[in-house]
Amino acid sequence: MSLNQRKILQQKYPFRLNYQINLKLSLMDDWDLIIQQNYLLKLPAAHPVSTVLDEFRIYSNNLDPTPDPDKDHVLEGILGYFSRLLGMQLLYKVERPQYGDIMNEHKGMSVCDIYGTEHLLRLFTRIGELLAFTELDNNAMSALQKYIKQLLFLY
């Protein structure tokens, strides 16, 4: 996709997340460890994506016990995006052999139960451009942005 095409998509779908400095530093450390130092993260993660999202759901429900189908829909959507995109778009090239090995070793397990917050954060950095190819309405976009921001604030 060209730079001009990205700009057009960003204008059409202005989904923006502002990251706290600690999250930006975490992303930079992640890149440095993996790309510069050839370090691979230990898998399965101590806090896999599915657990992180479940803990967020519990925490959020404790704050406001009113049932919110938007929150459930958003969290399920994040799991779905993560599952579909991890192997194709969220891994660095040096991580792909590990991905194949870990998936063979843990047949039948979801990537959401194996990979952790480092990879989830990578998804969130790309979510704006990924959403440009969906047909979400403004309410769905707002709900998605709201819950991702809340989740990022906690971690």
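Predicted, not measured: the structure shown is a model, and the values here were computed from it.
- Interatomic distance, CG of Leu85 versus CG of Leu123, reported as 6.5 Å (0.5 Å rounding).
- Considering CZ of Arg96 and CG of Leu86, their distance stands at 9.5 Å, rounded to 0.5 Å.
- For the side chain to side chain contact (heavy atoms under 4.5 Å, CB included) criterion with Asp30, the lone passing option out of Leu41, Leu121, Thr117 is Leu41.
- Considering CD of Gln89 and OH of Tyr81, their distance stands at 10.5 Å, rounded to 0.5 Å.
- You'll find the side chain of Met103 stays beyond 4.5 Å of the side chain of Met109, heavy atoms only.
- Here the straight-line distance linking atom NZ of Lys149 with atom NZ of Lys146 works out to 11.5 Å at 0.5 Å rounding.
- Ring-plane geometry between Tyr115 and Tyr99 is classed as tilted, the angle between the planes lying from 30 to 60 degrees on a 0 to 90 degree scale.
- A single hydrophobic cluster is not seen to contain both Ile34 and Leu91; linkage of ILVMFWY side chains at heavy-atom distances under 4.5 Å, directly or through other members, places them apart.
- For the pair Phe124 and Leu151, the minimum side-chain heavy-atom distance is below 4.5 Å.
- Following chains of ILVMFWY side-chain contacts shorter than 4.5 Å, one cannot reach Tyr39 starting from Leu43, and the two form parts of different hydrophobic clusters.
- Interatomic distance, NE2 of His47 versus CG of Leu53, reported as 12.5 Å (0.5 Å rounding).
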Worked verdict on Ile78 versus Leu120 for side-chain contact (heavy atoms from CB on, under 4.5 Å): CA-CA 9 Å; Ile78 291 170; Leu120 181 61; 3.8 Å; yes

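- Judged purely by distance below 3.5 Å, without hydrogens or angles, the side chains of His119 and Glu95 pair a donor atom with an acceptor atom.
- Between Ser110 and Ser83, some side-chain heavy-atom pair lies under the 4.5 Å cut-off.
- Hydrophobic clustering of Ile, Leu, Val, Met, Phe, Trp and Tyr side chains at less than 4.5 Å, counting indirect connections, keeps Ile58 apart from Val52.
- Taking the charged nitrogens against the carboxylate oxygens, Lys71 and Glu76 have no contact shorter than 4.0 Å, which rules out a salt bridge.
- Residue Tyr92 places its OH atom among more than 12 non-hydrogen atoms of other residues, nucleotides or ligands, all under 6.0 Å distant.
- For the atom pair CG of Asn139 and CG of Asp70, the computed distance is 7.5 Å after rounding to the nearest 0.5 Å.
- Criterion: ILVMFWY side-chain heavy atoms under 4.5 Å apart, direct or through other members. Under it, Val49 and Leu40 are not part of a common hydrophobic cluster.
- The environment of NE2 in His106 is crowded: more than 12 heavy-atom neighbours from other residues, nucleotides or ligands sit within 6.0 Å.
- Taken together through direct or relayed side-chain contacts under 4.5 Å among Ile, Leu, Val, Met, Phe, Trp and Tyr, Val94 and Trp31 form part of one hydrophobic cluster.
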